[in-house]
Protein chains: 2
Amino acid sequence: MDRRIPVDDRTGRRIVPETARRADRPAPRYGTRPTMKDVAARAGVGLKTVSRVVNGEPGVTPDTERRVQEAIGALGFRRNDSARVLRKGRTASIGLILEDLADPFYGPLSRAVEEVARAHGALLINGSSAEDPEREQELALALCARRVDGLVVIPAGDDHRYLEPEIKAGVATVFVDRPAGHIAADVVLSDNFGGARDGVAHLIAHGHRRIGFIGDMPRIHTAAERLRGYRAAMEDAGIAVEDSWMSLGATDPGRVRPAAEAMLSGPAPVTAVFSANNRVTVTVIRVLAEQPRRVALVGFDDIELADLLQPGVTVVAQDAAALGRTAAERLFRQLDGTLVAPERIELPTRLITRGSGELPPAE
Amino acid sequence: MDRRIPVDDRTGRRIVPETARRADRPAPRYGTRPTMKDVAARAGVGLKTVSRVVNGEPGVTPDTERRVQEAIGALGFRRNDSARVLRKGRTASIGLILEDLADPFYGPLSRAVEEVARAHGALLINGSSAEDPEREQELALALCARRVDGLVVIPAGDDHRYLEPEIKAGVATVFVDRPAGHIAADVVLSDNFGGARDGVAHLIAHGHRRIGFIGDMPRIHTAAERLRGYRAAMEDAGIAVEDSWMSLGATDPGRVRPAAEAMLSGPAPVTAVFSANNRVTVTVIRVLAEQPRRVALVGFDDIELADLLQPGVTVVAQDAAALGRTAAERLFRQLDGTLVAPERIELPTRLITRGSGELPPAE
DNA sequence: CTGAAAGCGCTTACAG
DNA sequence: CTGAAAGCGCTTACAG
């Protein structure tokens, strides 16, 4: 390592001053930016003429336009959209509230929303609720205060009456992944019930009867629906579910690991596990790898590299990007005024078999 | 499946009308929202008094405050931050331009930026450049027009002179992951050169001499730096690198797969591969799994489940969240006026050995 | 083709 | 403790 470069001992960072000096920057005040008035003065025209040029409106002589453009360039003018927004009403921006952008499920969803927004000339403001209802509300209302045109919400809470005045005032709103609580609103969901039921039925079809279920906290809609799917599949097969086969709670390894280990021990352990979301699946895979017997696994949500593990991980995949795209399209249709009554749209899931779900019961 | 529910044949979606009707929503015009003026009229006070109550400023009698609060509640008033922003100057929002939010590298980075922004009371607007310099510029300037207080940029292009007027006008700017082009600005990078050199040296230490390098397009700074690290390690070991061992280009499987296969075939194939980013690594893992001989692998960037593959994947990990956090903190220090000259901050990488990088050469 | 006046919904700087 | 006036930087609705 080049020891001439100073290194911060605590963080290990190397700190190098850039050779060039920062451009002689004035105090960061907005007053320092030129306005249309400044451009008008310099070009010797009226304010409205500058506005016409900046917005590409017709009715300006080529010569006048040239003078205005010259002034814009010389002054480094850039239209202040804050002012424009105030006058025009629409902000051409929408908000997306999700749980955590660092979760691989939400990245593609957010990107899909962004693409639809972009196609409609709108920017996207992202906010992470961290699964905290209060933070969700705080974020949603802050976005409304910024006068976003619409809101796509992956709810953390289960009561959204706080949004009623906003919706009445014209803020388009679509809920995704989980339904809204106590208000009528558009909702876009995956078929959590059907997907889980199919996944569990798949394990049953491969000879399993003692099947464990590990899921998220029961107050979360998707977790409850997936549990319902599990119960339905078991009931369809005439299997009486034992309480010790089901475990719902936080999705962190500290909770999931002992839960999985408990089901896999004792006199009559489960021979298969249905893990009800991506984070649970990752931990369950780790636990199963340590087991002496082969235990079958089907997970809800696809995970990267699932096909390269041995065995490959069979999953019930949902299409995160399609959820985002569908919700955003619906949002802009609300803004167009095309829509009337709120709807609940359910997207299908897909069972992808890769090996872990096709293992027969051990013994 | 419940066949009473209508299903869209093309998409497989189920469409269910929500039972409750959408609240009798007026046309989505902002004029319909109550303003401070309306609140003042209803409460029988002046505009400024409403402003005081809304902003929690002192100097209002409890009785007056009560009347104002009542009017706010009855009218469903919410302060219009667009107007506030126009008057105050700062928007309390920052922009983040990255390549693609759907890439697992950027999710944690974005989340880290968001957390710092939140701590400073600011919202975050995300934009994906899709690795297109024009789109990066378009996004950056759109954000400046919205008067974001600052910009965190993971650049797609290599010329950022277009930002000079904005920076001069007071828009705080920090570049991350790749340096700025042709302007002096704060930059936060990983130690791409050192990390790659260490990773390749690790392979050499395990007996390899014929080592392949597969990376991103050479115009991308990180790709060039990592290649430089590869060359340095090889040179340090006195190994003459053959052209056929190096392959730079797009990171999609369609390009990476044949590149990897080419190095692994012929009379003198490589015995180890250094894959220079997460997406390349994923494809290389797939190719190596199909090889008759064991080929060693070290990848730049960590990937989820890398420890569960057989063998586990040895990687040079960078800390995406730390990159984002460091950049955002730097941004707010610029806004505080604490900073003077632009700096280049380099974060260390970390070699994580899991098996694939410790395989000896085959034969 | 061009521009002066009013106004979007707030905050600022004052005055009472 | 309270409020009227001016202004942030644009667009709208007019008039010339």
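Below, read A as the first sequence line, B as the second, and so on, with proteins coming before strands; counting in each chain starts at 1. Bear in mind that the values here come from a model prediction, so they are computed numbers and not experimental data.
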**Student:** Out of C:dT11, D:dT11, D:dT2, which has the shortest distance to the side chain of B:Leu47?
**Tutor:**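 Shortest atom-to-atom distance from the side chain points to C:dT11.
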**Student:** Among the nucleotides D:dC10, C:dT11, C:dC1, which one has an atom lying closest to any side-chain atom of A:Thr61?
**Tutor:**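 Out of D:dC10, C:dT11, C:dC1, the nucleotide with an atom closest to A:Thr61's side chain is C:dC1.
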**Student:** Could you tell me whether the phosphate oxygens of C:dC8, OP1 or OP2, come under 4.0 Å of any side-chain nitrogen or oxygen in B:Asn80?
**Tutor:**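 Checking B:Asn80 against C:dC8: no side-chain N or O falls below 4.0 Å of OP1 or OP2.
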**Student:** Considering every strand shown, what is the Watson-Crick or G-U wobble mate of C:dA4 when both distances are under 3.5 Å?
**Tutor:** none
**Student:** Do any side-chain nitrogens or oxygens of A:Thr64 fall under 4.0 Å of OP1 or OP2 in C:dT2?
**Tutor:**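 A:Thr64 to C:dT2 OP1/OP2: side-chain N or O found under 4.0 Å.
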**Student:** Please tell me whether A:Asn126 and A:Ser110 have a donor and an acceptor in their side chains that are separated by less than 3.5 angstrom.
**Tutor:**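 Yes, a side-chain donor-acceptor pair sits under 3.5 Å.
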**Student:** Can you tell which of D:dT2, D:dT11, C:dC8 lies closest to the side chain of A:Leu86?
**Tutor:** C:dC8
**Student:** Verify, without hydrogens or angle tests, whether A:Thr64 (side chain) and A:Val60 (backbone) share a donor-acceptor contact under 3.5 angstrom.
**Tutor:**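 Side chain of A:Thr64 to backbone of A:Val60: no pair is present.
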**Student:** Should we count CG of A:Asp132 as having more than 12 external heavy atoms under 6.0 Å?
**Tutor:**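 It does: A:Asp132 CG has more than 12 such atoms within range.
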**Student:** When you measure from the side chain of B:Lys48, which nucleotide among D:dA6, D:dA4, C:dC8 comes out closest?
**Tutor:** D:dA4
**Student:** Counting heavy atoms from C-beta on, name the nucleotide in C:dT11, D:dT2, C:dG9 closest to the side chain of B:Ala83.
**Tutor:** C:dG9
**Student:** Please give, in whole Å, the distance from D:dG7 P to B:Lys88 NZ?
**Tutor:** 19 Å
**Student:** Can you identify which nucleotide, out of D:dG9, C:dT2, C:dC10, has its nearest atom closest to the A:Thr35 side chain?
**Tutor:**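 Among D:dG9, C:dT2, C:dC10, the one nearest the side chain of A:Thr35 is D:dG9.
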**Student:** Compare side-chain N and O positions of B:Ser51 against OP1 and OP2 of C:dT11 and report whether any pair is under 4.0 Å apart.
**Tutor:**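 For C:dT11, OP1 or OP2 has a side-chain N or O of B:Ser51 closer than 4.0 Å.
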**Student:** Can you find a side-chain donor-acceptor pair between B:Ser129 and B:Glu99 that sits under 3.5 Å?
**Tutor:** no
**Student:** Does A:Arg87 or B:Gly59 map to a spot on DNA chain D nearer the 5' end, using the closest nucleotide for each?
**Tutor:** B:Gly59
**Student:** Return the nucleotide paired to C:dA13: Watson-Crick means purine N1 to pyrimidine N3 with N6-O4 or O6-N4, wobble means G-U with N1-O2 and O6-N3, both under 3.5 Å.
**Tutor:** none
**Student:** Ignoring the backbone of A:Met36, work out which of D:dC10, C:dT2, C:dT11 is nearest its side chain.
**Tutor:** D:dC10
